[in-house]
> 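Take this structure first; my questions come after.
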Amino acid sequence: MIPAIRGTHDILPGEVERWQRAEDISRRLFERYGYAEVRTPIIEREELFAKGTGETTDIVQKEMYAFTDKGGERVTLRPEATPSLVRAFVEHALEQRMAAPKVYLFGPMFRYERPQKGRYRQFHQLDVEVFGMADPAIDAEVVDLAWALVAALGIVGAELVVNSVGCPACRPAFAAALVAALGADVSRLCRDCQRRAQTNPLRIFDCKVPADQPVIDALPHSLDFLCDGCRTHFAAVERHLGMYGIPYRVSHRLVRGLDYYTRTTFEILAGGIGAQNALLGGGRYDGLFRQLGGPDRTGIGFAAGLERLVLAMPEPRRSERRRPLFVAYMGEAARDAALALLRDLRRAELEAHMEYEGRSLKAQMKRADRLRAAFTLILGEEELAAGEVSVKDMATGGQRRVRREAVVEECRALVNGGRE
RNA sequence: GUGGGUAUAGCUCAGUGGCAGAGCGCCGGACUGUGGCUCCGGAAGUCGCGGGUUCGAACCCCGUUACCCACCCCA
């Protein structure tokens, strides 16, 4: 057999129901907040992410599924959604056409990384973006939406962390201050931190090596280096979050990996998703539109990993599972009658199953049990002769005869009435 | 890209040099038309792959691939 590609995975019955549930809940929530779905191509020009996500990021430098297509074009499987959504928004002038510049997207993303728990090469994100709204109240709305999402999925014990990373006006000074504060201590840090000090000093805050922590704890905080505009903006975001009653923690150590973030950044953290702890992350990216050659518009949004959400979601309650019907028959004469009944049940919007292999009634009952059928409808020679159907309640074992003409309506009442 | 672990039935796993195993699941039976519980029977294996050592290898050695976990990175 030919196996699946490394880092990809099949989502099978038994697990796919959790995915469907996560997607249904998120979709309903996003629509309620005024967001509209957009579906963009999985394949894009490599340039979109080189310029958007950032030339210096690991994603672009070593994780993209990029190649030259048969027309000589440099293309890539998308590693994230934000640049695609910005592109689509500009390309189709959605600013003019949409009721509100708020979009969401579900779909697979691709990064060539070493797979581990909660991290795959083909993974799935849900993505929410608001374009052209600079008001700090919208930052708070997006954070509120993210928090509401986690709650709606039933995930408990999650933590919301917020920070501001400043803007091109104030961040360079902060980065310089970091390097200056490190000074000679750089040599005492781990090899990764020494590299970060060169390439992207802010990311030193991500370090998990215990020995490095005393040095990192003594480093200056981004919040102390914000320019007036960024400081005012962040204060307003905090005021709105407080007003909404959202429990959050400000952490100066929250620095995000993508180049385009400005001002507000946030993450929601949870346990049980392997070495990873970020369920979702996002922030403001006010320079991205221009970076991509578009008009000067602001942006803010977040992306959540579906695999991680599903991992963190609680087991569905038993009563939430479906309870279908099962049609059993005995003897060739009853087969056609059973097929007709099966079809009638389905036409009446009831979930109904049948065993086609002509096996013993015992085997059919076993199948009904496996399918967790609420009721089994039995058609044998006796029933056929009487123009009736035997209806067996699988929970109690009780059984009674119902007229064939009335059985579909009867089943509708039974199934709907028995729903918790 | 780096490090560690694992690979045996559909699933979870036992088996440290001498006949390939268990539990669960699957199929059948214990009433000629009744599921779950119990009992009986059955089917099911390239012991990841390639090489080596040995009278003999699932087991020891070398190589290789995949998966898992962690680093890194990030959702």
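Residue numbers begin at 1 in each chain, while the letters A, B, ... track the order of the sequences.
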> Quote, to the nearest angstrom, the P distance that separates B:A7 from B:C61.
14 Å
> Any strand is fair game: report the nucleotide pairing with B:G56 by Watson-Crick or G-U wobble, both distances under 3.5 Å, or none.
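WC or wobble partner does not exist here.
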> With a 4.0 Å cut-off on heavy atoms, is A:A368 in touch with a base, just the backbone sugar-phosphate, or nothing at all?
nothing
> Sticking with atom P, work out how far B:C67 lies from B:C11, rounded to a whole angstrom.
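These two P atoms come out 16 Å apart once rounded.
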> Reckon A:K208 has a side-chain N or O less than 4.0 Å from the OP1 or OP2 of B:A70?
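Negative; the distance criterion is not met.
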> Under the rule for salt bridge (charged side-chain N to carboxylate O under 4.0 Å, His left out), what residues qualify as partners of A:D69, not counting sequence neighbours?
none
> Taking any heavy-atom pair under 4.0 Å as a contact, classify A:L309: base, sugar-phosphate, or nothing.
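Nothing, no nucleic acid heavy atom in range.
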> Under 3.5 Å, which N/O atoms of the protein pair with N/O atoms of nucleotides 5-13 of chain B?
none

> What integer number of Å spans the P atoms of B:U34 and B:A30?
10 Å
> Taking the side chain as every heavy atom from C-beta outward, state whether A:V389 and A:I378 have any atom pair closer than 4.5 Å.
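A:V389 does not reach A:I378 side chain to side chain.
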> Would you mind pulling out the nucleotide paired to B:U38, Watson-Crick or G-U wobble, both distances under 3.5 Å?
B:A30
> Should A:R18 and A:M313 count as side-chain neighbours, where that means a heavy-atom distance under 4.5 Å?
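SC-SC contact between A:R18 and A:M313 confirmed.
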> Side chains of residues 151-171 of chain A: which donor-acceptor pairs under 3.5 Å do they make with residues two or more places apart or in other chains?
{"residue": "A:E159", "atom": "OE2", "partner": "A:R249", "partner atom": "NE", "Å": "2.5"}
{"residue": "A:E159", "atom": "OE2", "partner": "A:R249", "partner atom": "NH2", "Å": "3.3"}
{"residue": "A:N163", "atom": "ND2", "partner": "A:S251", "partner atom": "O", "Å": "3.4"}
{"residue": "A:N163", "atom": "ND2", "partner": "A:L254", "partner atom": "O", "Å": "2.9"}
{"residue": "A:S164", "atom": "OG", "partner": "A:G166", "partner atom": "N", "Å": "3.4"}
{"residue": "A:R171", "atom": "NH1", "partner": "A:Y261", "partner atom": "O", "Å": "3.1"}
{"residue": "A:R171", "atom": "NH2", "partner": "A:Y261", "partner atom": "O", "Å": "3.1"}

> Using both distances under 3.5 Å as the test, list the Watson-Crick or G-U wobble partner of B:A44, or none.
none
> Identify the nucleotide, in any strand shown, that forms a Watson-Crick or G-U wobble pair with B:C71, with both distances under 3.5 Å; if there is none, say none.
B:G1
> Mind checking salt bridge (charged side-chain N to carboxylate O under 4.0 Å, His left out) for A:K392 and listing every partner two or more places apart, or none if nothing turns up?
none
> Report the residues that fulfil ring pair (Phe, Tyr, Trp, His ring centres under 6.0 Å) with A:Y120, sequence neighbours left out, ordered by chain and then residue number.
A:H9
> Given that A:R195 and A:Y112 both sit by RNA chain B, which one's nearest nucleotide is further toward the 5' end?
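Of the two residues, A:Y112 wins.
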> Could you tell me how far apart A:D206 (CG) and B:C72 (P) are, to the nearest whole angstrom?
9 Å
> Using purine N1 to pyrimidine N3 plus N6-O4 or O6-N4 for Watson-Crick, or N1-O2 and O6-N3 for G-U wobble, both under 3.5 Å, which nucleotide pairs with B:A7?
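Partner of B:A7: B:U65.
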> Both A:G7 and A:G118 contact RNA chain B. Which one's nearest nucleotide lies toward the 5' end?
A:G7
> Going by purine N1 to pyrimidine N3 plus the second Watson-Crick contact, or the G-U wobble pair, all under 3.5 Å, which nucleotide sits opposite B:A20?
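B:A20 is unpaired by these criteria.
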> Rounded to whole Å, how long is the line connecting atom CZ of A:R308 with atom P of B:A75?
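Going from A:R308 (CZ) to B:A75 (P), I get 8 Å.
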> Using atom P in both nucleotides, what's the gap between B:C47 and B:A9 to the nearest angstrom?
10 Å
> So, using ring pair (Phe, Tyr, Trp, His ring centres under 6.0 Å) as the criterion, who are the partners of A:Y33 when residues are at least two apart?
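Expected list: none.
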> Ring pair (Phe, Tyr, Trp, His ring centres under 6.0 Å) with A:F123: which residues, sequence neighbours excluded?
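By the ring pair (Phe, Tyr, Trp, His ring centres under 6.0 Å) rule, A:F123 matches no residue at all.
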> Pick the P atom in B:G21 and in B:C72, then give their distance to the nearest Å.
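Per the computed distance, 47 Å lies between those P atoms.
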> With sequence neighbours excluded, what pairs up with A:K51 under the side-chain contact (heavy atoms from CB on, under 4.5 Å) test?
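Applying side-chain contact (heavy atoms from CB on, under 4.5 Å) to A:K51 gives A:E47, A:L292.
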> Scan nucleotides 2-4 of chain B against the protein and return all N/O pairs shorter than 3.5 Å with their distances rounded to 0.1 Å.
{"residue": "B:U2", "atom": "O4", "partner": "A:R114", "partner atom": "NH1", "Å": "2.6"}

> In terms of side-chain heavy atoms of A:Q116, which of B:C68, B:C71, B:A75 is nearest?
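Closest of the options to the side chain of A:Q116: B:C71.
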> I need a per-nucleotide contact map over nucleotides 28-40 of chain B, read 5' to 3'. Cutoff is protein heavy atoms under 4.0 Å; write B for the base, S for backbone only, - otherwise.
S----BBBB----
> Rounded to whole Å, how long is the line connecting atom CG of A:N277 with atom P of B:C73?
13 Å
> Look at the aromatic rings of A:H252 and A:F205 and report parallel, tilted or perpendicular, splitting at 30° and 60°.
perpendicular
> For nucleotides B:C40 and B:A20, find the distance between their C1' atoms and express it as a whole number of Å.
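Each nucleotide's C1' atom is 23 Å from the other's.
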> Could you give the distance separating B:U6 and B:C59 at their C1' atoms, to the nearest angstrom?
15 Å
> Holding to salt bridge (charged side-chain N to carboxylate O under 4.0 Å, His left out), I want the full list of residues that pass it with A:D212, two or more places apart in sequence or in another chain.
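For A:D212 there are no salt bridge (charged side-chain N to carboxylate O under 4.0 Å, His left out) partners, ignoring immediate neighbours.
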> Rounding to an integer number of angstrom, what distance separates B:U16 and B:G23 when you compare their C1' atoms?
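So the two C1' atoms sit 23 Å from each other.
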> Taking only residues two or more places apart in sequence or in another chain, which ones pass side-chain contact (heavy atoms from CB on, under 4.5 Å) with A:D24?
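Scan of A:D24 (side-chain contact (heavy atoms from CB on, under 4.5 Å), adjacent residues dropped) gives A:R28.
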> When you compare the side chain of A:T76 with that of A:I43, does any pair of heavy atoms fall below 4.5 Å?
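Result no, sub-4.5 Å side-chain heavy-atom pair not found.
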> If only side-chain N and O atoms of A:R191 are considered, is one of them under 4.0 Å from the OP1 or OP2 phosphate oxygen of B:C71?
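No, A:R191 has no side-chain N/O under 4.0 Å of OP1/OP2 on B:C71.
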